[in-house]
Engineer: 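Could you have a look at this structure, given as structure tokens, before my questions?
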Amino acid sequence: MNRRVVVTGASSGIGEATARRFAKHGWSVVAVARRADRLAVLAADTGVDTFVADITKQADVEALAAHLRALGPVHALVNNAGGAFGLASVEDSDAEDWMRMFEVNVVGTKRVTSALLPLLREGVVEGESASILMVTSIAAHVPYEGGSGYNAAKFAQHAMTAVLRLELAGEPIRVIEVAPGMVKTEEFALVRFGGDAAMADSVYDNVPDPLVADDIAETIVHSIELPPFVNIDLVTVKPVAQAAPHKMIRGELKVR
Ligand SMILES: NC(=O)c1ccc[n+]([C@@H]2O[C@H](COP(=O)([O-])OP(=O)(O)OC[C@H]3O[C@@H](n4cnc5c(N)ncnc54)[C@H](OP(=O)(O)O)[C@@H]3O)[C@@H](O)[C@H]2O)c1
């Protein structure tokens, strides 16, 4: 069977690695993001279908659904588009940054999920199940100083995921959450610090083996390729050097 997966935020980092890995596994992939130039490189490399959309814009999300309807059934949705803006305290952080984080991580994810659920239902054949996977974060589960709006948005995305699983109970649709810890992607920290490369690099300074995007892609693809009756509710994936968001070991790991 030709299985189709939609991956949002596929122009870089975890989403791009996930789109590439699904393509290697023989899935039909629809890669979604705002930057057409980066999606074009991905398409040229892998042959995946791409769609330019800003998930915070309802018209874009509706256009995506119309595009997918023309292609045929959808079997899996990976809600990965998201990110952090700033690392300031609750008191000092910019409310506009909070709005942007909620718009993309929470409301954008809700918009895409609502628009694609009818297509996911249509894609279910007997004995199979559809999959909706949310990429949240350990920040969706553990508060840390400076986490402020990102913690709040990711906690909200986690809550939405749990509610969705309850609401879809009784249908052959599984709802999976993958919560990564520190992943050294090209752009996550750069976006968080408004393009300040030195600040972004310092996040990963001296951290022995932070995760890379493909570690999360492997987890995502594995979770979705498990037998259709298996629902992995939550996978938390961290580097060994990270015991918690605020407990990161820098320097060599040594046996005591
Ligand atoms: N890296 C980490 O340490 C880490 C840890 C835990 C969780 N996460 C989560 O993992 C996900 C991916 O992170 P990443 O590290 O791969 O970050 P990234 O490299 O910055 O990728 C973010 C992706 O989301 C897309 N995107 C952002 N806003 C969008 C919008 N409004 N509409 C459509 N696409 C949008 C970006 O593409 P365009 O700019 O082209 O739209 C990009 O492809 C995020 O949800 C993030 O919160 C990351």
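As the structure lists them, so they are numbered: ligands from 1, and atoms in each ligand from 1. If you're wondering where the values come from, they're calculated on a predicted model, not measured in any experiment. What you see below is based on every heavy atom in this structure, not just the backbone, and it leaves out hydrogens, waters and symmetry mates. This chain uses plain numbering: 1 for the first residue, then up along the sequence.
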Engineer: What is the closest protein heavy atom to atom 31 (N) of ligand 1, and at what distance does it sit?
Structural biologist: D54 OD1, 2.8 Å
Engineer: Can a donor-acceptor pair be found between the side chains of E62 and H67 at a distance below 3.5 Å?
Structural biologist: no
Engineer: Under 4.0 Å from any heavy atom of T56, which atoms of ligand 1 are there?
Structural biologist: 31 (N)
Engineer: Are the charged groups of R3 and E225 less than 4.0 angstrom apart, N to O?
Structural biologist: yes
Engineer: So among V78, T46, V48, which one has a side chain to side chain contact (heavy atoms under 4.5 Å, CB included) with F22?
Structural biologist: V78
Engineer: Does an N or O from I14, backbone or side chain, lie closer than 3.5 Å to an N or O of ligand 1?
Structural biologist: yes
Engineer: How far is atom 47 (O) of ligand 1 from the closest protein heavy atom, and which atom is that?
Structural biologist: Y150 OH, 2.7 Å
Engineer: So which heavy atom on L119 is nearest to which on A115, and how close?
Structural biologist: CD1-O, 4.4 Å
Engineer: Suppose I only count heavy atoms of A33 and a 4.0 Å limit; which atoms of ligand 1 are within that range?
Structural biologist: 34 (N), 37 (O), 40 (O), 41 (O)
Engineer: For atom 32 (N) of ligand 1, find the nearest protein heavy atom and state the residue, atom name and distance (0.1 Å precision).
Structural biologist: I55 N, 2.9 Å
Engineer: Show me which atoms of ligand 1 lie under 4.0 Å from any heavy atom of S137.
Structural biologist: 6 (C), 7 (C)
Engineer: Taking only non-hydrogen atoms of K154, do any sit less than 4.0 angstrom from ligand 1?
Structural biologist: yes
Engineer: Which residue from T136, N80, I216 reaches closest to atom 12 (C) of ligand 1 through any of its heavy atoms?
Structural biologist: N80
Engineer: Just go through A81, G13, G82 and tell me whose heavy atom is the nearest to atom 22 (C) of ligand 1.
Structural biologist: G82
Engineer: Any donor-acceptor pair under 3.5 Å linking the side-chain atoms of S12 with those of E187?
Structural biologist: yes
Engineer: What are the atoms of ligand 1, with element, lying closer than 4.0 Å to any heavy atom of R35?
Structural biologist: 37 (O), 38 (P), 39 (O), 40 (O)
Engineer: Give a yes/no verdict on whether any heavy atom in G181 is under 4.0 Å from an atom of ligand 1.
Structural biologist: yes
Engineer: Looking just at side-chain N and O atoms, do T113 and N79 make a donor-acceptor pair shorter than 3.5 Å?
Structural biologist: yes
Engineer: Yes or no: does T8 have any heavy atom under 4.0 Å from an atom of ligand 1?
Structural biologist: no
Engineer: Hydrogens and angles aside, do H246 and E145 bring a side-chain donor and acceptor to less than 3.5 Å of each other?
Structural biologist: no
Engineer: Please determine which of L42, L39, V41, V32 meets the side chain to side chain contact (heavy atoms under 4.5 Å, CB included) test together with S11.
Structural biologist: L39
Engineer: Is it the case that ligand 1 has an N or O less than 3.5 angstrom from some N or O of R34?
Structural biologist: yes
Engineer: Tell me whether ligand 1 is touched by G108 - counting only heavy atoms on the residue side and a distance under 4.0 Å.
Structural biologist: no
Engineer: Any N/O of T185 closer than 3.5 Å to an N/O of ligand 1?
Structural biologist: yes
Engineer: Quick check: does G15 get an N/O under 3.5 Å from an N/O on ligand 1?
Structural biologist: no
Engineer: In the protein, which heavy atom is nearest to atom 43 (O) of ligand 1, and how far is it?
Structural biologist: S11 OG, 2.8 Å
Engineer: If you measure from the Lys or Arg side-chain nitrogens to the Asp or Glu carboxylate oxygens, is any gap between R111 and E103 under 4.0 Å?
Structural biologist: no
Engineer: Note the single closest protein heavy atom to atom 19 (O) of ligand 1, along with its residue, its atom name and the distance in Å.
Structural biologist: S12 OG, 2.8 Å
Engineer: Does the pair R21/D214 count as a salt bridge with the N-to-O cut at 4.0 Å?
Structural biologist: yes
Engineer: May I ask you to list the atoms of ligand 1 that are less than 4.0 angstrom from any heavy atom of E187?
Structural biologist: 19 (O), 20 (O)
Engineer: What are the atoms of ligand 1, with element, lying closer than 4.0 Å to any heavy atom of A10?
Structural biologist: 43 (O)
Engineer: Which residue and non-hydrogen atom of the protein lie closest to atom 17 (O) of ligand 1, and at what distance in Å?
Structural biologist: F188 CB, 3.8 Å
Engineer: Without hydrogens or angle criteria, can the side chains of T136 and Q157 be said to hold a donor-acceptor pair below 3.5 Å?
Structural biologist: no
Engineer: Can you tell which of G83, A53, G9 gets a heavy atom nearest to atom 33 (C) of ligand 1?
Structural biologist: A53
Engineer: In terms of heavy-atom contacts, does NE2 of H222 have more than 12 from other residues, nucleotides or ligands at under 6.0 Å?
Structural biologist: no
Engineer: Checking a contact table here: which protein heavy atom is nearest atom 6 (C) of ligand 1, and how many Å away?
Structural biologist: P180 O, 3.2 Å
Engineer: Can you hop from V203 to F188 via hydrophobic side chains spaced under 4.5 Å?
Structural biologist: yes
Engineer: Between V183 and ligand 1, is there a nitrogen or oxygen pair with a distance under 3.5 Å?
Structural biologist: yes
Engineer: Quick test of your reading of the model: are E16 and R20 salt-bridged, counting only N-O distances below 4.0 Å?
Structural biologist: yes
Engineer: Donor-acceptor pair, R174 side chain versus I132 backbone, under 3.5 Å?
Structural biologist: no
